[in-house]
Amino acid sequence: HGWVRMDSPGPWLLQWPLWDSPELSQSCPSSGSLLGSVEWSSGDTIKLNILVDTGSSNFAVAGVPDADVTSYFNPELSSTYRSQGVEVTVKYSQGSWTGVLGTDVITMPKGLYGSYTINIATILESENFFLPGVKWHGILGLAYDALAKPSSSVETFFDSLVRQAKIPNIFSLQMCGAGLPVSGSGTNGGSLVLGGIEPSLYRGDVWYTPIKEEWYYQVEILKLEVGGQNLELDCREYNADKAIVDSGTTLLRLPEKVFSAVVQAIARTSLIQEFSSGFWTGSQLACWDRTEKPWSLFPKLSIYLRDENSSRSFRISILPQLYIQPILVIGDNLQCYRFGISSSTNALVIGATVMEGFYVIFDRAQRRVGFAVSPCAEADGSPVSEIEGPFTTADVASNCVSSVSFHEPVLWIASYALMSLCGVILLVLIVLLLIPPRCQHRYTDNDVVNDESSLVRHRWK
C-alpha cells in the first residue's frame with residue numbers, strides 16, 4: 001500500500017516536486033532526467049525516485065534487487081498488490097526492461113485524499129535501463145494509452161487518476177536546470193502539476209499548439225531559425241516522421257537533414273572560426289577557461305509551432321545557455337561543454353534541452369500543448385528562453401504533417417494480418433500441389449496473375 005508525496009497543492013490540482021538528476025543525462029534509456037519521489041508503506045517505508053516521461057505510457061518500478069539501484073519495490077510485502085500474471089516489455093531508444101504487470105493501491109495524503117488503484121509493472125530484467133550512478137528506480141509514463149504495453153487496454157497512471165479522482169484531464173511540467181552543470185550531485189528543481197496549471201510557475205501568456213495525434217504528444221513544427229535566419233527547409237522535414245514533446249529525452253533531437261542544416265547554420269553564424277566536428281556529433285567536448293562564458297559565441301535557436309488558429313504561429317526560442325551545456329570541470333581552470341542537440345532517424349523530439357526553458361502544459365482535455373516562459377529559465381539573472389507571436393503562416397504549407405500516421409499498435413495489427421494472409425496462401429498452395437494434375441486448372445492466354453507485396457515497417461521510440 002503506497003502513496004505519492006505531493007506538496008503545495010491547490011484546491012483542484014497536485015504539485016509534485018521534481019529535480020534534475022544530472023548524472024543521468026548521458027546514459028538514461030531515452031536520456032531523460034526529470035525525477036519525482038514515490039513512497040511505499042509496506043511495513044517498512046521505501047522511497048523510490050521515478051523518471052517522469054511524457055514519451056511513454058507505463059508506470060514501472062524496480063521489482064527485484066539490482067546492482068545499479070539502491071531501492072526496489074517488493075510486491076510480496078504489499079497487502080494490496082495484485083499480480084495480473086502478464087509479462088510486459090518496453091523498449092526505448094536506448095535501453096529496455098521486462099517485468100510483470102499488476103495493480104496496487106496508492107494514497108495521496110495531500111491534495112487528493114483517497115485511495116486509487118493503478119496499474120504498475122515490476123521490473124524483473126533490464127538492459128541499459130538501470131545504469132551505474134543513476135538515481136532512479138522506475139519510470140512514470142504520461143503519454144496516451146496507445147503507447148501502453150503490452151496493449152492499449154492497460155490504463156495509464158494518469159488516466160486512472162482522472163477517472164477515479166475526477167481531476168481535470170490536464171497536467172503540466174516545469175523543468176529547471178538552465179545553465180547548470182549536467183554532472184554533479186546538486187538538484188535543480190522543478191514541478192509536476194497533476195490536474196491543472198499553477199500560475200506561479202510561468203510568466204506572461206500561454207501559447208497553445210494542437211496535438212496532432214494522441215499517442216505521443218505529437219505537434220506540428222512549421223520552421224526553424226538559427227540566429228534569426230530561416231533554414232528554408234520544406235516544413236515536412238521538421239515533422240518526419242513525427243514531432244513530439246518528450247520530457248524523457250534530454251536533448252533536442254532533429255531529423256538528420258534538419259540537424260545537418262542547424263549545425264551548418266550555427267557554425268556559420270558562430271564567432272568561432274573552426275570547430276571540431278566531434279563536438280557537433282556528441283563525441284567530443286569543447287572546453288574554455290572557467291572565467292570565460294562561451295554562450296556569447298553562439299546564436300539563438302527558434303522553433304515555430306502552429307497556433308490553435310491554424311493561420312497563425314508562435315515561436316519558442318532558446319538561447320545558447322540551454323543547448324551549450326556545461327558537463328565537466330578539468331582541473332582548476334577548464335569548464336567543458338557538450339552540444340545539447342543531436343540527430344534522429346525517426347522524429348523531431350522537443351526534449352529537456354528545450355523544455356527547461358518553459359512551463360509546458362499538456363492539456364489533454366482540449367487536445368493541445370501549451371508553452372509559457374518559466375521563471376527558473378535564467379542564467380546569471382538573465383532569461384534564456386523567449387516566446388513571441390503571433391506570426392502569419394502564409395509562407396508555409398497548410399499541413400506539414402503526413403496524413404498517413406502508422407502508430408506502432410497499428411503496425412503490429414497489420415503485421416499479424418499479413419502473416420495470417422501469407423499462412424492461408426501457403427496452405428492453399430500446398431493443397432494445390434497435392435491435387436492430382438488432372439484436376440489442376442490450365443491457364444490460358446486470357447488469365448492474368450497479379451503479384452503484389454507489402455512492406456510493414458516496425459518502429460520503436
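Side-chain atoms are counted along with the backbone in the values below, which use heavy atoms only and exclude waters and symmetry mates. Predicted, not measured: the structure shown is a model, and the values here were computed from it.
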Which atom pairs, one a donor and one an acceptor, fall under 3.5 Å between side chains of residues 118-127 and the rest of the protein, sequence neighbours left out?
{"residue": "Asn119", "atom": "OD1", "partner": "Gln84", "partner atom": "NE2", "Å": "3.2"}
{"residue": "Asn119", "atom": "ND2", "partner": "Glu155", "partner atom": "O", "Å": "2.9"}
{"residue": "Thr122", "atom": "OG1", "partner": "Val100", "partner atom": "O", "Å": "3.4"}

Under 3.5 Å, sequence neighbours excluded: what are the donor-acceptor pairs made by side chains of residues 256-265?
{"residue": "Lys257", "atom": "NZ", "partner": "Glu237", "partner atom": "OE2", "Å": "3.4"}
{"residue": "Ser260", "atom": "OG", "partner": "Gln264", "partner atom": "NE2", "Å": "3.2"}

- Query: Can you list the steps and then say if Leu224 with Leu254 is a side-chain contact (heavy atoms from CB on, under 4.5 Å)?
  - Reply: CA-CA 11 Å; Leu224 263 67; Leu254 303 174; 4.2 Å; yes
- Message: Show, in sequence, the C-alpha distance, side-chain angles and deciding distance for Lys149 and Val154, and conclude whether the side-chain contact (heavy atoms from CB on, under 4.5 Å) test is met.
- Response: CA-CA 7 Å; Lys149 307 297 180 187; Val154 177; over 6 Å; no
- Item | Asp380 and Ser382: CA distance, side-chain angles, deciding distance, side-chain hydrogen bond (donor to acceptor under 3.5 Å, both in side chains) verdict | CA-CA 6 Å; Asp380 299 324; Ser382 299; over 6 Å; no
- Item | Chi angles and distances behind the salt bridge (charged side-chain N to carboxylate O under 4.0 Å, His left out) call for Glu386, Arg203 | CA-CA 10 Å; Glu386 303 169 354; Arg203 295 173 180 165; over 6 Å; no
- Hey, mind stepping through Tyr216 and Thr54 against side-chain contact (heavy atoms from CB on, under 4.5 Å) and telling me if it holds? CA-CA 7 Å; Tyr216 298 98; Thr54 62; over 6 Å; no
- Message: Working note: Phe362 + Tyr217, criterion ring pair (Phe, Tyr, Trp, His ring centres under 6.0 Å); need CA distance, chi angles, decisive distance, verdict.
- Response: CA-CA 8 Å; Phe362 298 84; Tyr217 292 98; 4.8 Å; yes
- Could you walk me through whether Tyr359 and Ser172 pass side-chain hydrogen bond (donor to acceptor under 3.5 Å, both in side chains), step by step? CA-CA 7 Å; Tyr359 182 53; Ser172 49; 2.5 Å; yes
- Message: Is there a side-chain contact (heavy atoms from CB on, under 4.5 Å) between Asp145 and Asp159? Walk through the geometry before answering.
- Response: CA-CA 8 Å; Asp145 57 13; Asp159 281 337; 4.3 Å; yes
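Within 6.0 Å of CD on Gln229 lie no more than 12 heavy atoms contributed by other residues, nucleotides or ligands.
In summary, of the residues considered (Lys223, Glu225, Glu220), a side-chain hydrogen bond (donor to acceptor under 3.5 Å, both in side chains) with Tyr304 occurs for Glu225 alone. Checking each of Phe59, Phe171, Tyr116 against Phe158 for a ring-ring contact (aromatic ring centres under 6.0 Å, His included) leaves exactly one that passes, namely Phe171. Trp136 pairs with exactly one of Leu51, Thr70, Leu48 by the side chain to side chain contact (heavy atoms under 4.5 Å, CB included) rule, that one being Leu51.
Cation-pi geometry between Arg338 and Phe279 is not satisfied (NZ or CZ under 6.0 Å from the ring centre, within 45° of the ring normal).
For the pair Leu334 and Asp289, the tightest heavy-atom approach, listed with the atom from each and the gap, is CD2-N, 4.0 Å. Counting all heavy atoms, side chain and backbone alike, Tyr208 lies closest to Gly370 at CD2-CA, 3.4 Å. Considering all non-hydrogen atoms of both residues, Phe130 and Gly138 come closest at CE2-N, 4.0 Å. Nearest heavy-atom pair, Ala146 versus Ser152, reported as atom, atom and distance to 0.1 Å: CA-CB, 4.0 Å. Nearest heavy-atom pair, Arg306 versus Phe314, reported as atom, atom and distance to 0.1 Å: O-CE2, 4.1 Å. Heavy-atom minimum distance, Ser385 versus Gly357: OG-O, 2.6 Å.
Put simply, the side chain of Ile341 reaches to within 4.5 Å of the side chain of Leu301, judged on heavy atoms. Counting heavy atoms from C-beta outward, Asp246 and Ile350 have side chains that stay 4.5 Å or more apart. In this structure, the side chains of Ser374 and Tyr202 stay at 4.5 Å or more apart for every pair of heavy atoms. With a 4.5 Å cut-off on side-chain heavy atoms, Val373 and Pro383 do not count as touching. Considering only heavy atoms from C-beta on, Ile387 stays 4.5 Å or farther from Asp205 through its side chain. You'll find the side chain of Pro390 reaches within 4.5 Å of the side chain of Trp207, heavy atoms only. Within the 4.5 Å cutoff, side-chain heavy atoms of Ile197 are placed close to those of Ile170. Counting heavy atoms from C-beta on, the side chains of Val384 and Trp295 never come closer than 4.5 Å.
In this structure, a donor-acceptor pair under 3.5 Å is absent between the side chains of Asn333 and Arg290. There is a side-chain donor-acceptor pair under 3.5 Å between Ser311 and Asn309. Residues Thr353 and Gln325 have side chains that bring a donor and an acceptor to within less than 3.5 angstrom of each other.
Checking side-chain atoms of Thr249 against main-chain N and O of Leu251 turns up no donor-acceptor pair under 3.5 Å. A donor-acceptor pair is defined here as one N or O able to donate and one able to accept, closer than 3.5 Å; no such pair exists between the side chain of Lys242 and the backbone of Asn239. No donor-acceptor pair under 3.5 Å is formed between the side chain of His137 and the backbone N or O of Val61. Using modelled atom types, one side-chain atom of Ser344 and one backbone atom of Ala347 make a donor-acceptor pair closer than 3.5 Å. At distances below 3.5 Å, not a single donor-acceptor pair connects side-chain atoms of Ser56 with backbone N or O atoms of Asn58. In this structure, Gln366 contributes its side chain and Arg368 its backbone to no donor-acceptor pair below 3.5 Å.
For the atom pair CD1 of Ile244 and CG of Leu348, the computed distance is 9.0 Å after rounding to the nearest 0.5 Å. To the nearest 0.5 Å, atom CG of residue Leu222 and atom CZ of residue Arg315 are 13.0 Å apart. Atom-to-atom distance recorded for Leu201:CG and Ser191:OG is 5.0 Å, nearest 0.5 angstrom. Distance check: Ser247 OG to Met355 CE gives 5.0 Å after rounding to the nearest 0.5 Å. Atom CD1 in Ile221 sits 11.5 Å away from atom NZ in Lys212 (nearest 0.5 Å). The distance from the CZ atom of Phe157 to the OG atom of Ser57 is 13.5 Å, given to the nearest 0.5 Å.
In this structure, Phe371 and Phe358 have perpendicular ring planes: the angle between them is above 60°, well past the 30° mark. Classified by interplanar angle (parallel below 30°, tilted 30° to 60°, perpendicular above 60°), the ring pair Phe298/Tyr323 is perpendicular.
With sequence neighbours excluded, the residues that form a salt bridge (Lys or Arg N to Asp or Glu O under 4.0 Å) with Arg312 are Asp307.
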